[in-house]
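Input: a single structure, listed below in structure tokens.
Just so it is clear, the values below take in all heavy atoms, side chains as well, and ignore hydrogens, waters and symmetry mates. Protein chains get the first letters and strands the later ones, always in sequence-line order, with residue 1 at the start of each.
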Amino acid sequence: MADKKEQMQVMALAILMGCGAIFALIYFLMMPMVAQTRETLQEAEKIQTSLDEIRKVVRDRATVQEQITLTLKQLREAESRIPLPVLGNYMIEMEEAIRHCLADTGVKITAITSAGEPLILKGGTGSFKVFQVRVIAEAGFHGLARAFHNIQHTLPYVSVSGMTISPEDRTPEAHTVNFVVSWLIWTDPDNRPLLEPEEQKEN
Amino acid sequence: MNLQLNLILESEKRSGSNISRKFIIRIAAISVPVIILGIMLPLFFASRQAQQNLAAAKDEKNQLNAVHVVVVESQNKLASYERLLREVDGWRKSRMDWYEMLTELQMLTPSNVQFTRLMINEGIKEVDSVPARDLLLMMKGKIAGRNPREDIQRFNRGIRESHILSDLMSNVDIRLLGASGDPGENDVWLFDATCSFNPRKMGENRPVRKRMK
């Protein structure tokens with residue numbers, strides 16, 4: 001009788017220990033392993049997502065390079081028409097360009113002067129300013145319109161941005177005209193964005 | 001008389017059941033580890049596979065990172081070039097075609113109207129976060145004839161209905177001010193006009209158009 005009881009006790013102990021072992025196995029081995037696997041899978045998924053993005057970006061490499069070349073070509077073309085200061089002065093080149101555009105239009109230039117400090121392009125990239133030149137002249141309506149046409153077609157980055165036409169009593173066909181011509185110029189010509197580092201050093 | 005003899009000791013007694021306790025213990029001793037292994041092994045392999053996949057993804061990412069950085073730099077460079085090009089192009093495309101505008105205005109001006117002053121002011125303001133040209137045309141003049149109001153209305157209508165000017169302007173206001181007052185000028189009236197233009201954005205190919213009502 002005593003043996004049977006002892007056997008039962010041993011068995012109960014064995015079951016208890018077995019349950020304890022299974023619990024320890026689940027709690028200390030399986031659960032951490034599951035958690036780690038889940039973490040690993042999540043991290044791998046995150047990396048895969050970013051890899052997809054990276055692959056997509058890398059695939060576009062050639063296209064981006066092509067676009068840079070194309071955009072740069074267009075910008076270089078524009079850049080060649082944006083004046084740079086000659087000995088810190090823009091007026092010499094601008095006056096010459098205006099006189100060239102107004103030749104053969106019947107517009108008689110009285111004076112060409114700077115119209116003040118360059119303007120800032122509000123809302124722009126900050127790379128450009130606007131240099132304004134005031135032209136005082138005598139002209140007929142047609143001549144003036146032709147002169148404006150010449151300016152805007154010969155100089156693509158120059159615009160006529162203000163004018164006053166006052167008729168002269170003594171010469172009804174010719175009026176006194178006062179107009180402002182605006183030039184797009186670099187804010188900092190020595191550090192303009194398109195310059196390669198070598199060119200910047202030279203400057 | 002029946003006599004029953006029990007020669008089995010208590011410790012030697014066995015269960016009468018077909019499934020013995022020993023058998024259950026043996027089955028449990030085999031099946032529990034098998035079940036545990038059956039759960040643990042796939043878990044272990046899944047964990048290993050996940051770690052291998054992670055390592056492979058990390059390796060690939062590390063390999064692509066250098067190229068990625070270069071391409072992203074290129075993209076940023078392209079974006080800054082495009083911004084510059086848009087601004088330069090915007091400046092060019094937003095210019096008012098004064099030749100077309102003045103020629104049209106002259107064609108629409110009745111023969112009995114003479115301008116004494118024509119002024120155009122251009123300012124630069126920010127519209128929708130891009131620079132825009134803000135233009136205003138002001139005219140002063142004389143109008144000869146007995147029906148100045150009708151002539152002014154005709155002139156006004158002409159501007160509003162002009163395909164070129166109505167697209168460019170947002171508002172036209174022409175006012176008859178009164179008689180000239182000059183003793184030598186009979187039936188000559190003074191007027192002034194103010195025409196506002198739609199802002200011409202430098203960040204777009206086409207200016208903002210708000211046709212005159």
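Inspection of non-hydrogen atoms places I25(B), V32(B), I36(B) of residues 24-37 of chain B under 4.5 Å from chain A.
You'll find the side chain of W91(B) stays beyond 4.5 Å of the side chain of F128(A), heavy atoms only. Using a 4.5 Å cut-off on side-chain heavy atoms (C-beta onward), M119(B) and M163(A) make no contact. Looking only at side-chain heavy atoms (C-beta outward), E100(B) and H149(A) stay at 4.5 Å or farther from each other. Using a 4.5 Å cut-off on side-chain heavy atoms (C-beta onward), V70(B) and R61(A) make contact. Here the side chains of Q65(A) and S74(B) are in contact, with some heavy-atom distance below 4.5 Å.
Proximity to chain A (any heavy atom under 4.5 Å) is restricted, for F115(B), to the backbone atoms N, CA, C and O. Residue V180(A): no heavy atom, backbone or side chain, is found under 4.5 Å from chain B. Residue I26(A) does not touch chain B at all, counting heavy-atom pairs closer than 4.5 Å. For chain B, the nearby part of L25(A) is the side chain; its heavy atoms alone come within less than 4.5 Å. With a threshold of 4.5 angstrom between heavy atoms, F148(A) approaches chain B through side-chain atoms but not through N, CA, C or O. Contacts of Q67(A) with chain B are made by both backbone and side-chain atoms, with heavy-atom separations under 4.5 Å. I39(B) touches chain A through its side chain: at least one heavy atom from C-beta onward sits under 4.5 Å away, while N, CA, C and O do not. For S182(A), the parts lying near chain B are the backbone and the side chain together; criterion is any non-hydrogen pair under 4.5 Å. Residue M139(B): no heavy atom, backbone or side chain, is found under 4.5 Å from chain A. Residue R133(B) touches chain A through its side chain alone, counting heavy-atom pairs closer than 4.5 Å. Residue L70(A) does not touch chain B at all, counting heavy-atom pairs closer than 4.5 Å.
Side chains of T125(A) and R86(B): a donor-acceptor N/O pair is absent below 3.5 angstrom, by distance only.
Options P156(A), G162(A), S127(A) differ in how many heavy-atom pairs under 4.5 Å they form with chain B, and the most are formed by P156(A). Heavy-atom pairs under 4.5 Å with chain B were tallied for M11(A), E53(A), Q48(A), H153(A); the largest tally goes to M11(A). Ranked by heavy-atom pairs under 4.5 Å with chain B, the list I54(A), T71(A), V64(A) is led by I54(A).
A donor-acceptor pair is defined here as one N or O able to donate and one able to accept, closer than 3.5 Å; no such pair exists between the side chain of Q51(B) and the backbone of L41(A). Not a single donor-acceptor pair under 3.5 Å links the side chain of W98(B) to the backbone N or O of A145(A). For R117(B) (side chain) and I165(A) (main-chain N/O), no donor-acceptor pair under 3.5 Å exists by modelled atom type.
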